[in-house]
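Below: the structure, in structure tokens.
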Amino acid sequence: MQNALVAIAHRASATVAAIAGLQARARAAGAPVILLQQQDGELEPGTEAWRIVPELAPAPADTVLPKAAPDGFLGTALDTVLRDRGISEVVVSGFATEICVESTARQALSRGYDVVLVSDGHTTSVRPDGSGTYAAPEASVAHHNEIYRNLRFPGRRVRVLPAAEVDFRRGDAPGTP
């Protein structure tokens, strides 16, 4: 949820608010907060476009990991950070539903983590009418929520929950918003 991406996001304010609530509850419960920050030719480190939106600014105890691909695990220390902290379930939120969110959630499952997809905590870009063959933003979000509600992954627990129902205080729900 970086400035340039939030500027083109569908439901930007509502999604940022949902993620901010997740972060606050995770921190209060002592659960780690890990932010993945895209950096590439369009999101150059140090620029205003690259910065995480102020509402989601990392706290001193948070971990910020740079990434260059949609998959938050590819070429990053994410797996090491999660394993070193004994995390077995990740809470996935962010931008863009069908690209970074989807890639990271699937890789988490493939790497042995349980996944909570935050149904109101991910979004995609606004798309002008007639902009091609992409699904409308609300359809894309709903589609991915439904896929994860019905996804069966051997040995893994997959849940789709609204942000308000993610409980970081329970022993079975450590996570990473």
Side-chain angles (χ1 to χ4, degrees), residues 1-3 5-6 15-16 18-40 43-47 50-123 144-145 147-148 151-177:
M1 301 302 287
Q2 294 162 261
N3 287 323
L5 304 176
V6 169
T15 305
V16 168
I19 296 170
L22 287 169
Q23 284 181 329
R25 290 197 322 279
R27 290 174 184 136
V33 174
I34 301 169
L35 299 98
L36 299 171
Q37 189 171 25
Q38 185 73 28
Q39 56 185 47
D40 54 31
L43 292 168
E44 186 177 328
T47 65
W50 167 83
R51 286 186 176 74
I52 295 168
V53 296
E55 300 90 333
L56 303 177
D62 294 348
T63 299
V64 180
L65 298 174
K67 70 181 188 81
D71 170 3
F73 289 90
L74 182 64
T76 74
L78 181 57
D79 194 47
T80 301
V81 168
L82 295 172
R83 292 197 191 285
D84 287 352
R85 294 179 182 182
I87 295 171
S88 61
E89 181 174 60
V90 295
V91 176
V92 181
S93 63
F95 181 93
T97 296
E98 61 283 285
I99 302 171
C100 297
V101 172
E102 165 67 9
S103 297
T104 300
R106 292 279 177 136
Q107 279 301 311
L109 290 166
S110 291
R111 291 169 183 260
Y113 299 97
D114 294 332
V115 168
V116 174
L117 178 64
V118 183
S119 61
D120 56 348
H122 64 97
T123 191
H144 282 80
N145 286 342
I147 285 173
Y148 277 80
L151 185 62
R152 301 297 172 255
F153 215 93
R156 309 286 179 275
R157 181 169 67 158
V158 181
R159 299 183 291 158
V160 178
L161 299 173
E165 291 181 21
V166 177
D167 185 356
F168 295 98
R169 294 171 300 155
R170 295 188 333 209
D172 66 345
T176 24

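The chain is numbered in sequence order, starting from 1. These numbers come from a predicted model, not from an experiment.
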field: Residue pair V91 / F168: nearest heavy atoms and the distance that separates them
entry: CG2-CE2, 4.0 Å
message: Distance check, rounded to the nearest 0.5 Å: Q37 atom CD versus T76 atom OG1?
response: 13.0 Å
task: Rounded to the nearest 0.5 Å, what's the gap from CG on D79 to CD on Q107? Could you check?
output: 9.5 Å
field: Any residue meeting side-chain contact (heavy atoms from CB on, under 4.5 Å) with D40, in chain and number order, not counting sequence neighbours
entry: Q38, E42, L43
- line: Output for pair (R156 CZ, S88 OG), nearest 0.5 Å, gives 10.5 Å
- prompt: Does the pair L117 and V101 meet the rule for a side chain to side chain contact (heavy atoms under 4.5 Å, CB included), with working shown?
  reply: CA-CA 9 Å; L117 178 64; V101 172; 3.7 Å; yes
query: To the nearest 0.5 Å, how far apart are OG1 in T104 and OH in Y113?
result: 12.5 Å
statement: When rounded to the nearest 0.5 Å, the distance separating CG of N145 from CG of L161 is 10.0 Å
Non-hydrogen side-chain atoms of R106 and L151 separated by less than 4.5 Å: yes
Under 3.5 Å, which donor-acceptor pairs do the side chains of residues 55-62 form with other protein atoms, sequence neighbours left out?
residue : atom : partner : partner atom : Å
D62     : OD1  : R27     : NE           : 3.3
D62     : OD2  : R27     : NE           : 3.2
D62     : OD2  : R27     : NH2          : 2.4
D62     : OD2  : A59     : N            : 2.8

query: Out of curiosity, T63 OG1 to L36 CG, how far, rounded to the nearest 0.5 Å?
result: 10.0 Å
- line: Of all heavy-atom pairs linking A108 and V115, the shortest is CB-CG2, 3.8 Å
- request: Quick one: do H122 and V92 satisfy side chain to side chain contact (heavy atoms under 4.5 Å, CB included)? Show the steps, please.
  value: CA-CA 8 Å; H122 64 97; V92 181; over 6 Å; no
message: Quick check: do D120 and S93 have side-chain heavy atoms less than 4.5 Å from each other?
response: no
- request: Start with the C-alpha distance between F73 and L82, add both sets of side-chain angles, then the distance that settles side chain to side chain contact (heavy atoms under 4.5 Å, CB included), and finish with yes or no.
  value: CA-CA 10 Å; F73 289 90; L82 295 172; 3.9 Å; yes
query: Is a side-chain donor or acceptor of R25 paired with a backbone partner of A163 at a separation under 3.5 angstrom?
result: yes
- prompt: Are Y148 and L109 side-chain neighbours, meaning at least one heavy-atom pair lies under 4.5 Å?
  reply: yes
- request: Find out whether T15 and V6 are in side-chain contact, i.e. whether some heavy atom of one side chain is under 4.5 Å from a heavy atom of the other.
  value: no
message: Give me the atom names and distance for the closest heavy-atom approach of G121 to A18.
response: CA-CB, 4.4 Å
- prompt: Looking only at heavy atoms, what is the nearest atom pair of Q39 and P45, with distance?
  reply: OE1-CG, 3.5 Å
- prompt: Is the shortest heavy-atom distance from the side chain of D114 to the side chain of F153 under 4.5 Å?
  reply: no
query: Going by heavy atoms in the side chains, are I34 and R85 under 4.5 Å from each other?
result: yes
query: When L35 is tested against each of Q2, M1, Q23 for side-chain contact (heavy atoms from CB on, under 4.5 Å), which residue passes?
result: Q23
